[in-house]
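A short worksheet on the structure shown next.
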There are 2 protein chains.
Amino acid sequence: MEEFSKSPESSVPTLADVAARAGVSTATVSRCLNTPDRVTEKTLKTVMDAVNHLGYAPNYSARALAAGRTNMIGAIIPTMENAIFARGIQAFQEELQKNGCTLLVASSSYRQDLEEEQIRTLTARGADALLLIGYQRDPQIYEFLKKRKIPAVLTWASEPSQDYLSVGFDNRKAMKALATDVIGKGHRTIGCISADTATNDRARERVEGIWAAMRDAGLDPDTLQVVETAYSIENGEAAFQQLMSGANSPTAVMCGNDVLAVGALRAAADLGLKVPGDVAITGFDDIELAFVAPVPLTTVHVPHRRMGQLAARALIEALHGRSPESVQLPTEVRHRDTL
Amino acid sequence: MEEFSKSPESSVPTLADVAARAGVSTATVSRCLNTPDRVTEKTLKTVMDAVNHLGYAPNYSARALAAGRTNMIGAIIPTMENAIFARGIQAFQEELQKNGCTLLVASSSYRQDLEEEQIRTLTARGADALLLIGYQRDPQIYEFLKKRKIPAVLTWASEPSQDYLSVGFDNRKAMKALATDVIGKGHRTIGCISADTATNDRARERVEGIWAAMRDAGLDPDTLQVVETAYSIENGEAAFQQLMSGANSPTAVMCGNDVLAVGALRAAADLGLKVPGDVAITGFDDIELAFVAPVPLTTVHVPHRRMGQLAARALIEALHGRSPESVQLPTEVRHRDTL
DNA sequence: GTGAAAAATGTAAGCGCTTACATTTGCCAT
DNA sequence: ATGGCAAATGTAAGCGCTTACATTTTTCAC
């Protein structure tokens, strides 16, 4: 019969408990756990037996305090409800997990002030490194990160100056390629439904991509009819209606992402417009929604999972003191039935 | 001209630095930060000025070690790529953020062994509380959590025995309601595409819901043709084909979630089957995919955001030493065009 | 077998914070 | 004014771990 009491041994075991049971010092136990090759096989076994017997698990707060590292990596994204972020972050997390790191998540709701606050919070929480979306933010933040020596990887975009580590893709180039195809189909009056270009660098670059294609084709970029709205199917519908009710309604509407495009598609159906016969519609991202849409969507495919995975690897490299290279992933126009 | 060196003042400021600058003890600074009402207004101002001047931010690892709390809450979900989890977790995170807590995320890929490992990892990392999906797991885990005094909330289901805190919904009842409608439409030969019922309690309860409805209607539950497969559009397509190529092909196929249902819908189109004319199809969850599907999907609406939010509140209550009640959220059949 | 170098282990000093307890200060009834 | 009490502040002991440095043990060339 064993006695179970509230005495020390019934509470959470510590390193010292393991050391006592194994008859070694706490330093040795710590070594067994962190650098097993610096310890005799025999000692290792004794200690691991004690660990298992006691059900010992290290206290990461203590470890973090002593070692100065937490093995936690933070990600600050606009929202997980957008499938592209959910997918990228899932891959990011899987890769971190493989490397013994844990993911801390915060969301900014596409607001720069909130993002900044989150950066400070996750930093204070001890995040060893950060994944950030896009590159447009107060220079002070970059200063702050640099001063704190916290590696950060910028994703979902390719930072133009290459001053920072980034694992992403060229939004402008991607959208330009798609716009070139749109123009190639003979469209001259083009509309665009975009997220807020003032605060969202990805959205802005996509619009700039359309302008660039227009310029190349001898079209006046100023004729591009842009409506800015937050990402949602409903907003896509409304924006499309607005675009089509104007005097010179577009024959092609390029949307900033697939969600808006699906909204446009629904609005077109409501207006009795055939796609692509009466009006062409394009998306961006190539999420599931794009190919199960009423009319499968012509869009730009972005390797979100791959991006998340490579971002994780880059950060882990950086944490190991190496200097990872930025990577620009290729995107690809996916021709389906809306253009 | 100021000198910038590697000397103490250029590194990350600590509580002691603030205390020195404000001319008070570290205890007082700590009080200003944590219990400002236990401090003179004058002292508070002096200290906060020092905090701001130094750009001080507390080291949470140290705080966690000293206080025994981390203010981090962990969530272990099968995958963020499933929109229902992304959405629920987003709401969960927003609510945590409002309460000064940070979210730690891990994913189990629907594997029980991995989930268990993650529970131990997040616990070791100091998660003060945990959000878990479903209720079916090794009793030892519940023991472990109880011993460690870590509150956990079970979500996306309603734990039948009510022994544990849960914020979810009744999968069985929800699916039974839908199945009753299916039967009400005259369907007698029913198929079902489900996730693995052995390891996924939500999936199992949904199938049981169909059985219950059949029984109530005088149908033999054993005639339900179940195909189990992992959640994906492609798997939904394959499973549907399998179901329809059998001897006694169903006139209605009830799917375990919307993703499978969209796959079924596509397969039906490929087979030249009209929905719901030739075959009825139903989903579960009511994600975006459901209403933008080629044929808008009849499905069960689940209040995922609300669930995430309430789960967060319950955990925060528990952390405050109160005893939150389990809540069972209502679900609702959404009739659209596939039944 | 011997001694020097290498390997294994032990000792103990923090890491930055919270908090129980001790001390000082301020306030008020007398 | 003064004693007594409450409020404010200070003192200092950890929280559980890592790691530089000190000590002991092993290894191995001679």
Side-chain angles (χ1 to χ4, degrees), chain A residues 8-9 11-48 50-51 54-72 100 123-128 148-149, chain B residues 8-9 11-48 50-51 54-72 100 123-128 148-149:
Chain A
E9 65 269 21
S11 75
V12 183
T14 71
L15 240 213
D17 296 333
V18 177
R21 179 161 230 278
V24 298
S25 72
T26 59
T28 299
V29 178
S30 179
R31 286 188 196 102
C32 288
L33 263 24
N34 299 309
T35 50
D37 39 305
R38 301 179 53 67
V39 131
T40 310
E41 206 161 316
K42 182 162 150 287
T43 315
L44 185 60
K45 191 184 174 319
T46 317
V47 170
M48 292 318 283
V51 165
L54 262 34
Y56 169 78
N59 176 325
Y60 280 75
S61 299
R63 174 177 287 185
L65 182 57
R69 288 175 287 95
T70 58
N71 286 325
M72 293 192 305
T123 302
R125 290 247 181 243
D128 289 335
R148 283 280 218 282
K149 297 206 192 354
Chain B
E9 65 267 23
S11 76
V12 183
T14 72
L15 240 213
D17 295 333
V18 177
R21 180 162 229 277
V24 298
S25 72
T26 60
T28 299
V29 178
S30 179
R31 286 188 196 101
C32 288
L33 264 23
N34 299 309
T35 50
D37 39 305
R38 302 180 52 69
V39 131
T40 309
E41 204 162 316
K42 183 161 149 289
T43 317
L44 184 61
K45 191 184 173 318
T46 318
V47 169
M48 291 319 281
V51 165
L54 261 34
Y56 169 79
N59 177 325
Y60 280 76
S61 299
R63 173 177 288 185
L65 182 57
R69 289 175 287 95
T70 58
N71 286 326
M72 293 192 304
T123 302
R125 289 246 180 246
D128 289 337
R148 284 280 219 281
K149 297 205 194 348

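Order of the sequence lines sets the chain letters (A, B, ...), proteins ahead of strands, with each chain counted from 1.
The number of heavy atoms from other shown groups lying within 6.0 Å of CZ (A/Arg38) does not exceed 12.
Between A/Thr43 and A/Val24, the shortest heavy-atom distance links the atoms CG2-CG1, 4.3 Å. Between A/Tyr56 and A/Leu33, the shortest heavy-atom distance links the atoms CE2-CD2, 3.6 Å. A/Ala22 approaches A/Ala50 most closely through the heavy-atom pair CB-CB, 4.0 Å. The nearest pair of heavy atoms linking B/Thr70 to B/Arg125 is CG2-O, 4.3 Å.
Regarding contacts with the backbone of D/dG10, a side-chain N or O of B/Thr28 is found under 4.0 angstrom from either OP1 or OP2. A close approach under 4.0 Å does occur between a side-chain nitrogen or oxygen of A/Ser25 and OP1 or OP2 of C/dG10. Close to C/dT9, at under 4.0 Å from its OP1 or OP2, lies a side-chain N or O of A/Thr40. For the OP1/OP2 pair of C/dC17 and a distance below 4.0 Å, the side-chain nitrogens and oxygens of B/Tyr56 include at least one atom meeting the criterion.
Nucleic acid contact class of A/Thr43 (heavy atoms, under 4.0 Å, all strands): sugar-phosphate only. Nucleic acid contact for A/Ser30: base, since at least one base atom lies under 4.0 Å from a heavy atom of the residue.
Side chain of B/Leu15, nearest nucleotide from D/dT19, C/dC17, C/dG10: C/dC17. Of the candidates D/dG16, D/dT19, C/dT18, C/dT18 carries the atom nearest the B/Asn34 side chain, counting heavy atoms from C-beta on. Closest to the side chain of B/Thr26, out of C/dC17, C/dA8, D/dA12, is D/dA12. Out of D/dG16, C/dC17, D/dT18, the shortest distance to the side chain of B/Arg63 is found at C/dC17. With C/dT18, C/dG16, C/dA12 as the choices, the nucleotide that has an atom nearest any side-chain atom of A/Ala27 turns out to be C/dA12.
Whole-Å rounding puts the A/Asn59 CG to C/dC17 P distance at 17 Å. Taking atom NZ on B/Lys42 and atom C1' on C/dT25, their separation rounds to 12 Å, with Å as the unit. A/Asp17 places its CG atom 13 Å from the C1' atom of D/dC17, with the value rounded to the nearest Å. One can place CG of B/Leu65 at 12 Å from P of C/dT19, the figure rounded to the nearest angstrom. Atom CZ of A/Arg31 and atom C1' of D/dC21 are 11 Å apart (whole Å). For the pair A/Lys45 NZ and C/dT9 P, the interatomic distance rounds to 15 Å; values are reported in whole Å. The CD-P distance, from A/Glu41 to D/dT26, rounds to 16 Å in whole Å. In this structure, B/Arg125 atom CZ and D/dG16 atom C1' are separated by 15 Å, rounded to whole Å.
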